[in-house]
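Report on the following structure.
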Amino acid sequence: MYSAAAAASPPRRDFISVTLSPEEAVGAGGYNNSKAWRRRSCWRKWKQLSRLQRSVILFLFAFLAVCGVISYTTMGETWKSLTNKSLDDQRTEPEVPGLKLANPAVLPAPRKADTNLGDYPELSPQKQPKLPHIRRGPPNLQIKPPWRDGRLKTQHDTNKILEEPVQPDKEEKTEKSVISWRGAVIEPDQSTEPPSSKMKEPEKPSSMEAESQKEPVPINERQMAVIEAFRHAWKGYKDFAWGHDELKPLSKSYSEWFGLGLTLIDALDTMWILGLKEEFEEARKWVADDLVFDKNVDVNLFESTIRILGGLLSTYHLSGDSLFLEKAKDIGNRLMPAFNTPSKVPYSDVNIGRGTAHPPRWTSDSTVAEVTSIQLEFRELSRLTGDEKFQKAVDDVMKHVHTLSGKNDGLVPMFINTNSGQFTHLGVYTLGARADSYYEYLLKQWIQGGKKENELLEDYVRAIEGVKKHLLQRSQPKKLTFVGELAHGHFSAKMDHLVCFLPGTLALGAHNGLTADHMNLAEALIETCHQMYVQVETGLSPEIVHFNLHAQKGHKDVEIKPADRHNLLRPETVESLFYMYRFTGDKKYQDWGWEILQNFNKYTRVATGGYTSINNVQNPSNPEPRDKMESFFLGETLKYMFLLFSDDIDLINLDKYVFNTEAHPLPIWMPA
Ligand code: DMJ
């Protein structure tokens, strides 16, 4: 009930009675809600209240107001912390140890690392990269030479720099003076589509703008030592073999293989990466003025593809200089006749002047590694030119090999016939000479193409399972895991130094999402490759070792046959050390590489310039120099040394580049 209390003056009451009369609420004649009426009515009621009542009401209002202010402040804090928490959750969620968000696993979830320890009981699970080694923040898309001034001129200057490490702020000041020279930048959108989406114009990889954005990373002492070694090798080449294929440093002359300046071309991108501006310019001038492919000469398809085509393509990408792309197109076209075979499996040799191709004189077979390790280069050439023929030719070979019988759990024989297209000499399986880079290029093509070509990945994973099943053994006494060979069911404990590419490739696969046991195996194998150096008198590995399967008093794990004790300055172990350091941050890999460089300096350096292969790694007092510096010493070995000693993961970032088998980095095709 509503009581009528409005008309008469109410008696003072000491209790609060708030009453509303319907008559007041609804005036005569209907609804009256005018502001003036409401104000008057409230005021009248207020006046009717006793002082005590008014005080109580005012107190209540004041109390409610204070409560309101306090609860607003508290809620604000709670809300703020809730919001921050949800942001933190978003940030931390993807950080799965050992995996990068940019490289999600593509295979079934990795088995737990220790489930494989039965196979390699001495191994520990894949280590997480050390934090300081992993740079956070947006990817840096540029590759530029690490020099920033003109100081790397003479031996004297080099030593001076060794004594006075480069200061980052000094570097910054000199940055501008370098920008006028060609910057080395890969635009994010330039490294994208396979040739099927035909490009009309060649891409422009260089951008001066991006060049100026990157903080220079100072070169450290070990890198300076590599630069010094390179300059010493280059001096020999320049003085005695300029424009020829290989230096003969002792006889101060040269040898010719294809007559195409092989060492010079192989070394171009190394000079860029090491920051040797003057040397690079001089070499570039030779390429511009003197490199002619229109020659009546037989070249090996594989060797000229990985060294010349690969070297020119990567130098084009790093430098942005179209001269190198033009030369790459020229040699690429001249190599194409090799694919004119009944089976489309290419011949080993091409005459680049006449446009004819043929197999070696004694057979119509090609080597499996050779016909399956030219793909990265020809695919990239198609992408750059928009001409599909290059990619089609090499993709057809891979598709064909994918379907062939004669494999043993993914392991391939060493020869393939160019007429029938079938494997020959069945039953012999190795990860060494004649088969090695088949496995390497399965993984690397898959990475190059943006991890879409599943057949390549399947073949790679199957092959690694085949290696584990048939070729892995442990030596005595150190229980080193090594990769042997299988011949018609008989295991041989022989391992080529060439097989030491495998730890690096396995680590690259693990980095790209393959299972952790690949990384475990990589760690075991790189230890073995390291032992192939440290168990030898000169600290340099021979070409081939045999492992002891049974402990014998006074015998090490590694045995060397007289015919195998040469060292050709090969890169494979240093290459794998580079990958292992990049992906684990474990400094021991740098230290192992540093020992190798010192031993090269001790036993293979020729005083008048250059380095030489040696015949006997077991005789420190006379390693028997062979008088030859292979082009891959400059193209690969010293480049991987320099990268191994660098802490700059953007100096050839492995999420943007894939190295061909001659250490020439080519861009990974990013999705458009
Ligand atoms: C290089 O030409 C390449 O690395 C090739 O894949 C194997 N042989 C040499 C280096 O040892």
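Numbering of ligands and ligand atoms starts at 1, following listing order. For clarity, every value in this text was computed on a predicted model and none was experimentally measured.
For Ser492 and Glu485, the side-chain atoms include no donor-acceptor pair closer than 3.5 Å. In the model, His497 has a side-chain atom that pairs as donor or acceptor with a side-chain atom of Thr573 under 3.5 Å. For the 3.5 Å distance criterion, the side chains of Gln531 and Asp557 fail to qualify, holding no donor opposite an acceptor. For the residue pair Thr418 / Thr341, no side-chain donor-acceptor distance below 3.5 Å is found, with atom types taken as modelled. Counted by atom type alone, Arg379 and Gln448 present one or more donor-acceptor pairs between their side chains at under 3.5 Å.
Within the 4.0 Å heavy-atom cutoff, Pro571 counts among the residues contacting ligand 1. Contact between Glu572 and ligand 1 is present, with at least one heavy atom of the residue lying under 4.0 Å from the ligand. Using 4.0 Å as the threshold, Arg307 has a heavy atom nearer than that to some atom of ligand 1.
Near Glu636, meaning under 4.0 Å from one of its heavy atoms, ligand 1 places the atoms 1 (C), 2 (O), 3 (C), 4 (O), 9 (C), 10 (C).
The closest protein non-hydrogen atom to atom 2 (O) of ligand 1 is Glu662 OE1, 2.6 Å. Protein heavy atom at the shortest distance from atom 6 (O) of ligand 1 is Thr661 OG1, 2.7 Å.
If you check each of Glu370, Glu575, Glu630, Arg570 against atom 8 (N) of ligand 1, the one with the closest non-hydrogen atom is Arg570.
Only the side chain of Leu498 comes within 4.0 Å of ligand 1, judged by heavy-atom distances.
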Glu228/Arg605 under salt bridge (Lys or Arg N to Asp or Glu O under 4.0 Å): CA gap, chis, key distance, verdict: CA-CA 12 Å; Glu228 194 281 322; Arg605 185 171 162 122; 3.0 Å; yes
